[in-house]
Novice: 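Sharing a structure here in structure tokens format.
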Amino acid sequence: MNTTSTLESDFPKAYVAHEHEAALYALWENNGTFAPSTDQSKPAFSVVMPPPNANGNLHLGHALEASMTDALVRYHRLKGDRTIYVPGADHAGIETQTVFEKALEKEGRSRFQMTREQFYEETNMFVQGFRGNMESQIRVLGSSVDWSVNRFTLDPAVIERAYETFRKLYADGLVYRGERIVNYSVKYRTAYSDLEVEHEERTEPLYFIKYGPITVATVRPETKFGDKVIVVHPDDPRYQQYIGTSFDCLIVTGEIATMTVIADEAIKPEFGTGAMTITPAHDPIDYEIAQRHNLPIHKVIDFDGRLLPIAGDFAGMKVSEARTKVAERMMELGLIEKTDPTYTHTVGLCYKSKQLIEPMLMPQWFIKVRPLAEKAKEAVESGAVRVFPESYKGVLINWLENLRDWNISRQIAWGIPIAGAMPENPDVANDPDTFDTWFSSGQWPYAVFEAASKEGGRDYMKEFYPTSLMVTGRDLTFLWVARMLMFGLYVHGEVPFRDLYLHGMLLDPKGKKMSKSKGNVVSPLDLIAQYGTDAVRFGLLIGSSPASDSPMAEEKIKGGRNFANKVWNISRFVCMQLGEQDPSELPAPKAQTEADTKILAELARVRTETVDHFENYRFALALQGLHEFVWHQFADTYIEAAKNQEDRQNTQAILWKVLVDSLIMLHPCMSFVTEAIWQRLPGKWEKNAEGVRSILAQASWPTE
RNA sequence: GGGCUCUUAGCUCAGUUGGUAGAGCGCUUCGUUUACACCGAAGAUGUCAGAGGUUCGAGUCCUCUAGGGCCCACCA
């Protein structure tokens, strides 16, 4: 900075954020400010950013997450910790594929018209375009990440890491390929894990079909073409005489079929008539029953969601259409005894298309998660990983206790091909599928450090893993967090992060969920352009609490802008008071007046409280306390008193001390304005031999 | 079916270990004091959803009730 220029030019009356921010981020980036210190005597503080999807722009949720994380990261850096914040970009498997497919649709194209390689290549180009965009937006948010360890989820090292874990699971017998009922999305032509299925309550007719002497109840008459078995509970007195016997009866095809009655504990006598027929190829419970009794399994529905030739006249018809048509036919045949039109149950929907999930029998890779989940559960229970807020501890444990095997096969192109994991193993090598994105994402915390370590120069793995903290949305508790815990413990025998902080979702100003379809999405970049990054960060952080959703409040952001301006003007005032006085030559501050005593005591108090708040992830309270102190104690009270104080030098010393400490303490949340001021402070104070000002982001947290 | 969570000033929300209610915005009155009108001074506003309990003391812990919200769930 030019120290000879006048105050007016260095400190214009108003702080206009966009005139400073880009240059300040460049200052940090060009000076390697965010590279972790090499001082091994200092404790490490490491955070891995949940890699944003490289398929669009950052949204306000990213801004919230970045504000929180960056505040903590900057706080630890100021405290002198060996701090690293790792950025990244997520290929985001099916998320990206659906976004890209929509883009193709607009051009009248479809992925089904391309080869798989062609589709992959086009998706990759699409993603790489967005990736740079997304990374520049991380800079706009002010995130103090170490770009030298930046990583993409499809980097070769990350893919190899996923393969290595797969091989270990395979060797340990924890992953298997099996033909089982999976959640299948007809729209996207891929299977899902249980977590990608949404549930919705629906009222649909329950049909009572009369098969000879026994009536069965079903909501899916369209699957009743191969009916040969009726299942009842072994203890049901109504059906004792039939168990193990067979009889002939009319079925929907108009033919006479032989029905055999078997008994299975899975049947609930109180449901319907206590008797049902099974469709093993399209229902998980039915499939299990079929397995237990060695029954044949016939597919009725194809991967387009249409009926197969077994359906005779109905073959080729969509399931939804066939349902009523088949029921009508049954009615004509006198097979329907009655219908209950008020029957309400829950159906599974594809979380992306909201279309019905079609349970399908498919050969897929499954992870036996029980042993992995057990370890994760122990880690949460024992506090090996601390959960903020604590109420999510139970939520996490509850989920880990009730896990079923995890289907990691996806029939999508945009992902890590399973085949590459074990080229020598024909079971694997011939598999056309890709991994569930969360299979590789679940390994992200160590994958990034392993990859960085491999590049040589520094053992990041040893220095920074396990990480100190994971900050992510409460919506990812199961999808991502639980998986990271399981893999971290399985692969490296320890939790991937010591602390977990879950934040809530940002809602629109009316308190509604933001979504593209509702058109109520607010762009953080627009807000930043208008008010500045610090203002947006302030507005998102203030008055928030862990895991609870909060509406986006422009008034709070405006308040943040006003506060940034206040801090700017306080600094401006203090610099004017100093005049020609070089702050490095000021005497130590002494409490001479009542106002002096008060402000120094308040400063000490806010310093202690701020540390306590940051250490316990209460950044909203930290910021609130600083806001109150700086604005009302310092500006409104002390500065007003200072204007009339007689011992000018001592007053200058106190003003200076309070200003400098305030700037440092505010820096985690108000990063840009505080650095902008820091770079304009007068005199030789904090300058090196070349007269270059130190960087606030690397300053030392005030101690007394 | 199971779990979590919320109900505090007109609005949006804070309130960490239990100790006589807070912020921002809004509102009222005043002030153009040479840091700031993106400002300052003074001020009004709450039986902290309801009922009961524990306690010397509860917005803060426990139970129940009412009403929101969220999540999980192989209910043919």
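Predicted, not measured: the structure shown is a model, and the values here were computed from it. Each chain gets a letter, A, B and so on, in the order the sequences are listed, and its residues count up from 1.
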Novice: On a whole-Å scale, what distance lies between the C1' atoms belonging to B/C75 and B/A14?
Specialist: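 It comes out at 42 Å once rounded to the nearest Å.
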Novice: Sticking with atom P, work out how far B/U47 lies from B/G22, rounded to a whole angstrom.
Specialist: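 These two P atoms come out 15 Å apart once rounded.
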Novice: CG of A/L540 versus P of B/A14: gap in Å, rounded?
Specialist: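 Interatomic distance, CG of A/L540 to P of B/A14: 14 Å.
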Novice: If you take the centroid of each ring, where Trp contributes its six-membered ring, are A/Y351 and A/Y192 closer together than 6.0 Å?
Specialist: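 Yes: the rings meet the under 6.0 Å criterion.
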Novice: With distance as the sole test, does A/H233 use its side chain to make a donor-acceptor pair with the main-chain N or O of A/K268 at under 3.5 Å?
Specialist: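 Here the side-chain-to-backbone pair does not exist.
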Novice: Can you build the contact string for nucleotides 23-41 of chain B? Use B for base contact, S for sugar-phosphate-only contact, and - for no protein heavy atom under 4.0 Å.
Specialist: -SS---------BB-BSSS
Novice: Each nucleotide in nucleotides 69-76 of chain B should get exactly one letter: B, S or -. Can you fill that in based on protein heavy atoms under 4.0 Å?
Specialist: -SSSBBBB
Novice: For a quick test of reading the model: is some side-chain N or O of A/S550 closer than 4.0 Å to OP1 or OP2 of B/C13?
Specialist: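 No.
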Novice: I'd like the C1' distance from B/U65 over to B/G18, given in whole Å.
Specialist: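 My reading of the C1' atoms in B/G18 and B/U65 gives 24 Å.
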Novice: In whole Å, measure the gap between the P atoms of B/G57 and B/G69 for me.
Specialist: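 Result for the P pair: 37 Å, nearest Å.
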Novice: Say you pick atom P in B/C13 and the same atom in B/G53; how far apart are they, in whole Å?
Specialist: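 It comes out at 33 Å once rounded to the nearest Å.
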Novice: Relative to the ring of A/H632, is the ring of A/H627 parallel (under 30°), tilted (30 to 60°) or perpendicular (over 60°)?
Specialist: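 A/H627 vs A/H632 ring planes: perpendicular.
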Novice: Would a distance-only check, ignoring hydrogens and angles, find a side-chain to backbone donor-acceptor pair under 3.5 Å from A/D436 to A/W438?
Specialist: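 Checking the backbone N and O of A/W438 against the side chain of A/D436, a donor-acceptor pair under 3.5 Å is found.
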Novice: Name the orientation class of the two ring planes belonging to A/F388 and A/Y501 (parallel below 30°, tilted from 30 to 60°, perpendicular beyond 60°).
Specialist: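 Parallel, since the angle between the ring planes stays under 30°.
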Novice: How far, in whole Å, is B/G46 from B/C4 if one measures between their C1' atoms?
Specialist: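 So the two C1' atoms sit 28 Å from each other.
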Novice: Quote, to the nearest angstrom, the P distance that separates B/G43 from B/C61.
Specialist: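 After rounding to an integer number of Å, I get 33 Å for this pair.
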Novice: Using atom NZ of A/K510 as one end and atom P of B/C11 as the other, report the distance to the nearest whole Å.
Specialist: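 After rounding, the gap between these two atoms is 17 Å.
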Novice: Any luck finding a side-chain donor-acceptor pair between A/H345 and A/E204 under 3.5 Å?
Specialist: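 Distance-only check passes for A/H345 and A/E204.
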Novice: Out of the candidates A/L307, A/T279, A/D283, only one should pair with A/T223 under the side-chain contact (heavy atoms from CB on, under 4.5 Å) rule; please name it.
Specialist: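 Result for side-chain contact (heavy atoms from CB on, under 4.5 Å) with A/T223: A/T279.
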Novice: Using atom C1' of each nucleotide, how far apart are B/A44 and B/U28 to the nearest Å?
Specialist: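 Comparing C1' positions in B/A44 and B/U28 gives a spacing of 7 Å.
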Novice: Hunt down any stem RNA chain B takes part in, defined as 3 or more consecutive Watson-Crick or G-U pairs whose two distances are each under 3.5 Å.
Specialist: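 If one scans RNA chain B for consecutive Watson-Crick or G-U pairs, the stems found are B:1-7 with B:66-72, B:10-13 with B:22-25, B:27-31 with B:39-43, B:49-53 with B:61-65.
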Novice: Strictly by modelled atom types, are A/Y638 and A/D596 linked by a side-chain donor-acceptor pair under 3.5 Å?
Specialist: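 On atom types as modelled, these side chains qualify, holding a pair under 3.5 Å.
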Novice: Describe, in one word, how the ring planes of A/F271 and A/Y343 are oriented to each other, choosing from parallel (under 30°), tilted (30 to 60°) and perpendicular (over 60°).
Specialist: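 Answer is perpendicular, since the angle exceeds 60°.
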Novice: A/L403 CG to B/G3 C1': how many Å, rounded?
Specialist: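 That distance rounds to 15 Å.
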Novice: Distance only, no hydrogens: is a donor on one side chain within 3.5 Å (strictly under) of an acceptor on the other, for A/K352 and A/S185?
Specialist: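 Judged by distance alone, the side chains do not pair up.
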Novice: Write down the atom of A/I214, the atom of A/A275, and the distance for their closest heavy-atom approach.
Specialist: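 Here A/I214 and A/A275 meet closest at CG2-CB, 3.7 Å.
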